[in-house]
Protein chains: 2
Amino acid sequence: MTSSTPAGMQRPGGRTARVRAAVLRAAEDALVEVGFAGFDLGDVARRAEVGRTTVYRRWGTVGALLADVLTGMAEQSLPRARTGSLHEDLRANARLVRRTLADPRQGALFRAVLVAAAGDPAAAEALHRFYRVRVAEWAPCVTEAVERGEVPAGTDPEEVVRAVSAPLYYRMLTTAEPLDEAAADRAAAAAEAAARAGAFRAG
Amino acid sequence: MTSSTPAGMQRPGGRTARVRAAVLRAAEDALVEVGFAGFDLGDVARRAEVGRTTVYRRWGTVGALLADVLTGMAEQSLPRARTGSLHEDLRANARLVRRTLADPRQGALFRAVLVAAAGDPAAAEALHRFYRVRVAEWAPCVTEAVERGEVPAGTDPEEVVRAVSAPLYYRMLTTAEPLDEAAADRAAAAAEAAARAGAFRAG
DNA sequence: TCATTAACGGGACTCCTGTTCCATTAGCGC
DNA sequence: GCGCTAATGGAACAGGAGTCCCGTTAATGA
């Protein structure tokens with residue numbers, strides 16, 4: 001499941017690992033350059049200087065390959081903020097999400113995987129796992145805010161974290177407006193206000 | 001631009017209109033049944049009992065055809081709620097959005113167009129126009145709430161409306177959890193709380 | 001009603017994606 | 001090292017998506 005140890009391989013060392021790494025890197029490059037629409041496994045094989053047959057045999061579908069790319073991205077998860085204030089923590093989270101989506105490379109990857117997940121169960125599963133991990137990583141910011149009394153008891157921490165990201169994704173998908181830092185700060189402020197008002201209490 | 005009067009056609013009557021309607025209906029059916037991944041213009045032509053050549057000549061790309069389908073959907077826009085209370089209005093909006101996304105037919109269409117918009121400029125433009133119209137339709141709910149004093153002056157009405165939809169779309173895309181009515185009500189309540197706290201004042 | 005021609009439809013053709021077969025290369029255990 | 005065989009890579013093959021050409025149909029206006 002990790003980048004260096006392909007699952008299901010009986011000889012995961014040397015050449016196999018090299019091929020795998022080259023293909024995953026080539027897949028990222030291809031996504032950024034041609035986007036999801038023009039994404040082609042044959043093209044990826046060419047970029048990776050690997051046989052087409054190998055790519056089709058190991059991954060088979062676009063969705064499976066993107067799921068693997070996403071799994072690799074999940075491993076380099078950035079640690080959450082620990083500023084001691086809910087306001088600062090949520091803003092840090094919003095800005096991190098914004099920076100990721102606005103980054104030409106990472107943004108293209110996320111959009112591509114979102115698209116792939118709509119049609120491929122493997123990609124969808126990888127995507128859902130990715131967000132479960134990311135949300136769980138930041139949830140303690142809210143838990144600690146509850147303990148500090150900043151937010152009502154019973155507040156669902158993960159729901160608050162999701163509320164920070166949601167407006168940014170919605171804006172990216174449904175409008176042509178750029179994702180600037182002001183939008184990130186607004187998203188964080190709105191989630192914080194709703195949390196303080198008790199809108200995310202379970203029940 | 002309307003369904004019955006194709007733009008750019010010099011003979012929009014009779015046969016042309018019939019062909020157009022059949023193709024758009026077939027496109028919706030195909031999307032619901034095979035999804036965006038398996039969407040093929042030849043298949044649409046077969047379903048519509050129309051020549052492949054016609055479909056390729058009139059629309060050319062998947063994105064262009066989906067943009068046309070979406071334009072048709074935008075025309076049958078439902079009127080906004082007018083309950084006299086921000087709470088009820090936002091909840092009505094959230095429930096409408098939820099019902100639309102959870103509906104097998106409309107939900108599949110929306111996901112497909114979101115996907116198409118990621119790779120096709122024409123589809124993206126149609127999608128953005130669609131959401132501009134939808135948001136503008138519901139914005140008066142917030143404007144009136146400002147006039148009633150429910151929400152601070154200077155609140156951006158469209159931002160509040162978007163804040164209602166955002167968590168629902170985010171949930172649909174990034175988790176496997178079903179979009180139930182409780183989720184809709186939570187989304188409405190969170191947006192309302194943030195609005196009352198002044199989180200959406202222009203700045 | 002009739003002439004004009006916009007729009008449609010069938011079929012052949014091309015290119016590209018994905019599969020299969022088999023020879024070659026190189027991990028891995030001994 | 002050496003042998004075994006997992007894994008790779010090239011080449012030939014099949015199927016399908018999109019294009020082009022041209023004959024047919026029917027909307028439009030007089």
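Residue numbers begin at 1 in each chain, while the letters A, B, ... track the order of the sequences. Since the structure is predicted, the reported quantities are computational estimates derived from the model, not experimental observations. Side-chain atoms are counted along with the backbone in the values below, which use heavy atoms only and exclude waters and symmetry mates.
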In whole Å, what is the span from the [atom1] atom of [X] to the [atom2] atom of [N]?
X      : N       : atom1 : atom2 : result
R57(A) : dG18(C) : CZ    : P     : 16 Å
R52(B) : dG18(D) : CZ    : P     : 10 Å
W59(B) : dA7(C)  : CH2   : C1'   : 12 Å
L65(A) : dG18(C) : CG    : P     : 12 Å
D40(B) : dT17(C) : CG    : C1'   : 13 Å

Does anything in residues 43-51 of chain A reach DNA chain D, meaning a heavy atom under 4.0 Å, and if so which residues? V50(A), G51(A)
Within a strict 4.5 Å, meaning less than it, do heavy atoms of the [X] and [Y] side chains meet?
X       : Y       : value
W138(B) : L90(B)  : no
E147(B) : E144(B) : yes
P79(A)  : E137(A) : yes
T16(B)  : R58(B)  : yes
R20(B)  : D68(B)  : yes

Between E88(A) and R91(A), does any side-chain N to carboxylate O distance fall below 4.0 Å? yes
Looking at R162(B) and E159(B), is any side-chain nitrogen of the basic one under 4.0 Å from a carboxylate oxygen of the acidic one? yes
Would you kindly check whether a donor in the side chain of T16(A) faces an acceptor in the base of dG27(C), or vice versa, at under 3.5 angstrom? no
Answer yes or no: does a side-chain N or O of [X] lie under 4.0 Å from OP1 or OP2 of [N]?
X      : N       : result
Y56(B) : dT19(D) : no
R58(B) : dC8(C)  : yes
T54(B) : dG9(C)  : yes

When the nearest nucleotide of DNA chain D is assigned to R15(A) and to R18(B) on a heavy-atom basis, which residue is associated with the more 5' position? R15(A)
Please report how far the helix from dT1(C)-dA30(D) to dC30(C)-dG1(D) bends, comparing the axis fitted to its first five pairs with the axis fitted to its last five, to the nearest 10 degrees. 50°
Would the number of heavy atoms belonging to other residues, nucleotides or ligands and lying under 6.0 Å from CD of E49(B) be above 12? no
Return the set of residues passing salt bridge (Lys or Arg N to Asp or Glu O under 4.0 Å) with R15(A) (not counting sequence neighbours), or none when no residue passes. none
